[in-house]
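So the structure is just underneath, and the comments pick up after that.
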Amino acid sequence: MIFLITGAAGFIGMSLSKRLLEEGNKIIGLDNLNDYYDVQLKKDRLEILKENENFTFYQLDLADRQAVEDCFAKENVDVVINLAAQAGVRYSLKNPHAYVDSNLVGFVNILEGCRHHKIKHLIYASSSSVYGANTKMPFSTNDGVNHPVSLYAATKKSNELMAHAYSHLYDIPTTGLRFFTVYGPMGRPDMAYFSFTKKILAGEPIKIFNNGEMMRDFTYIDDIVDGIVRLLDHPPKANPEFDRENPIPSASYAPYKIYNIGNNQPIKLMDFIETLEKHIGIEAKKEFLPMQAGDVKATYADIDDLQQTTGFKPTTTIDDGLKQFVDWYMEYYHKN
Ligand SMILES: NC(=O)c1ccc[n+]([C@@H]2O[C@H](COP(=O)([O-])OP(=O)(O)OC[C@H]3O[C@@H](n4cnc5c(N)ncnc54)[C@H](O)[C@@H]3O)[C@@H](O)[C@H]2O)c1
């Protein structure tokens, strides 16, 4: 199979590309290597992928319509996995236009590529942040998500709507994945667990919002990759029996599906920090602050649907996962 993986130099994109390469597939990786966070980390991830001769890399911007068209025209892609995006909730308050360029304009370019090149399955990253102001737990794909609290979340919800239009119009099987706080080795420096580790080691205080009254469904990277790989065998199919009078939001008469992909075991932020302190071997200096704009207090995924379709079951405990992360961090930044 030939896969186009966008955001291949990113955290999830690199881990997924590595796994699919190991299974003997050909990967076309695409990334613009932007400087939202440490570019060297992105380059180091790419170096790992480039060791495999079945990996081809395009450095280009998803918002560059012609470049994306040329890439689709040149490569004979079977399946597209769109992970490239401007990520981050808080940054969308500072730089909203970056989200429109990468997540909306870029996504239309991907959809058009899928349309004109008869792509067999488009899998794309949505986010748990689409649940926005919802408080009913666990978050279910059968609940409406019409109250986003950040532009980031609004672009991800828009991706789901755009995908539906293309599934309807051009019969493209599309699967949207709402990821729940993914963490692990070679992870994202803009995420709390990563910056906490840096600060704890430097003896600097860590900022804990909403006075630590937060719950997150942290999901280990290998579990996420496993879930995506399982879905490759399950492209959604058109369903003429779909009940249009009572339409559930996560499915359709068109070949369209939305899944949560999370751990289904939310943990308290303070417990997470305690586990991190244990593996680093240092107690953090803590600065407690109020809730931040755009943030949500809790995320908790209902993953029954994904479990039923694919047998997906996350197996990594927070303890094991954070140990893997801290071990990697210490080695990568030569801290031991
Ligand atoms: N990591 C998480 O916890 C999490 C949670 C929810 C959703 N997501 C979504 O999953 C996807 C992957 O996340 P990640 O954690 O690997 O993020 P990441 O930032 O590490 O990876 C995204 C990659 O896309 C690239 N990129 C960004 N804009 C681009 C553009 N316009 N053209 C080409 N490349 C571009 C970046 O350079 C980066 O390497 C994203 O869509 C993100 O929004 C992630």
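Start at 1 and go down the list; that is how both ligands and their atoms are numbered. These numbers come from the heavy atoms of this one structure, side chains and all, not from hydrogens, waters or symmetry mates. Fair warning: this is a prediction, and the values are worked out from it, not measured in the lab.
- Only backbone heavy atoms of T181 (N, CA, C or O) come within less than 4.0 Å of ligand 1; its side chain stays farther off.
- Counting only non-hydrogen atoms, the option in R188, Q86, M191 that gets closest to atom 4 (C) of ligand 1 is R188.
- Side chains of H279 and D327: a donor-acceptor N/O pair is absent below 3.5 angstrom, by distance only.
- Residue contacts with ligand 1 for Y37 involve side-chain atoms from C-beta outward but no N, CA, C or O (heavy atoms, distance under 4.0 Å).
- Taking any N or O of A63, backbone or side chain, none lies under 3.5 Å from an N or O belonging to ligand 1.
- Close N/O approach between L83 and ligand 1 is found [any backbone or side-chain N/O within under 3.5 Å].
- Remark: ligand 1 and A84 share no N or O pair separated by less than 3.5 Å (distance only, no angle test).
- Residues K120 and P235 come closest through the heavy atom pair O-CB, 4.5 Å.
- Using cut-offs of 30° and 60° for the angle between ring planes, the Y253 and H164 rings count as perpendicular.
- Note on ring orientation: taking the six-membered ring where Trp is involved, the planes of W328 and Y333 are perpendicular (angle over 60°, cut-offs 30° and 60°).
- When each atom of ligand 1 is checked for a heavy atom of S102 under 4.0 Å away, the hits are 28 (N), 29 (C), 30 (C), 31 (N).
- Counting atoms of ligand 1 from 1 in the listed order, those under 4.0 Å from a heavy atom of K42 are 36 (C), 37 (O), 38 (C), 39 (O).
- Of the N or O atoms in G10, one or more lie within a sub-3.5 Å distance of an N or O in ligand 1.
- Listed by number with element, the atoms of ligand 1 under 4.0 Å from a non-hydrogen atom of L60 are 32 (N), 33 (C).
- A distance of 6.0 Å or more separates the ring centres of Y300 and F139.
- Of all the atoms in ligand 1, the ones that sit under 4.0 Å from a non-hydrogen atom of A125 are 9 (C), 10 (O), 11 (C), 41 (O).
- Residues N264 and K313 have side chains that never bring a donor and an acceptor to within less than 3.5 angstrom of each other.
- Atom 5 (C) of ligand 1 has its closest protein heavy atom at F179 CB, 3.7 Å.
- By the 30° and 60° cut-offs, the orientation of the rings of F272 relative to Y193 is perpendicular.
- Numbered from 1 in the order shown, with element, the atoms of ligand 1 that lie under 4.0 Å from a heavy atom of A9 read 39 (O).
- Under 4.0 angstrom from ligand 1, the non-hydrogen atoms of S126 all belong to its backbone.
- Closest protein heavy atom to atom 32 (N) of ligand 1: L62 N, 2.9 Å.
- Residue G106 places no heavy atom under 4.0 Å from ligand 1.
- Contact between N82 and ligand 1 is absent, with no heavy atom of the residue lying under 4.0 Å from the ligand.
- Residue contacts with ligand 1 leave out M14, since none of its heavy atoms falls under 4.0 Å from the ligand.
- For the pair D31 and ligand 1, the shortest N or O to N or O distance falls below 3.5 Å.
- Among all non-hydrogen protein atoms, the one lying nearest atom 43 (O) of ligand 1 is Y152 OH, 2.7 Å.
- No heavy atom of F180 sits closer than 4.0 Å to any atom of ligand 1.
- In terms of modelled atom types and a separation under 3.5 Å, the side chain of R230 and the main chain of T310 share a donor-acceptor contact.
- Residue N34 approaches ligand 1 through these ligand atoms, each under 4.0 Å from one of its heavy atoms: 26 (N), 27 (C), 28 (N), 36 (C), 37 (O).
- The closest side-chain heavy-atom distance from R178 to E160 is below 4.5 Å.
- No side-chain N or O of Y124 forms a donor-acceptor pair with one of N159 less than 3.5 Å apart.
- In the model, S250 has a side-chain atom that pairs as donor or acceptor with a side-chain atom of N142 under 3.5 Å.
- Of all protein heavy atoms, the one closest to atom 3 (O) of ligand 1 is V182 N, 2.7 Å.
- At least one heavy atom of K156 sits under 4.0 Å from some atom of ligand 1.
- Counting only heavy atoms of the protein, atom 34 (N) of ligand 1 lies nearest to N32 N, 3.1 Å.
- The protein heavy atom nearest to atom 16 (O) of ligand 1 is I12 N, 2.8 Å.
- No path of Ile, Leu, Val, Met, Phe, Trp and Tyr side chains, each step under 4.5 Å between heavy atoms, connects F180 with I303, placing them in separate hydrophobic clusters.
- Judged by distance alone, with hydrogens and angles left aside, the side-chain atoms of D38 form a donor-acceptor pair with the main-chain N or O of Q40 at under 3.5 Å.
- With ligand atoms numbered from 1 in the order given, ligand 1 contributes 23 (C), 24 (O) to contacts under 4.0 Å with heavy atoms of G7.
- Contact annotation: for L33 versus ligand 1, heavy atoms closer than 4.0 Å belong to the backbone alone.
- Taking the six-membered ring for Trp and the full ring otherwise, Y329 and F194 have centroids separated by under 6.0 Å.
- Ionic pairing of R115 and E112 is present here: one or more N-O contacts between side-chain nitrogen and carboxylate oxygen are shorter than 4.0 angstrom.
- Hydrophobic clustering of Ile, Leu, Val, Met, Phe, Trp and Tyr side chains at less than 4.5 Å, counting indirect connections, keeps F242 apart from I258.
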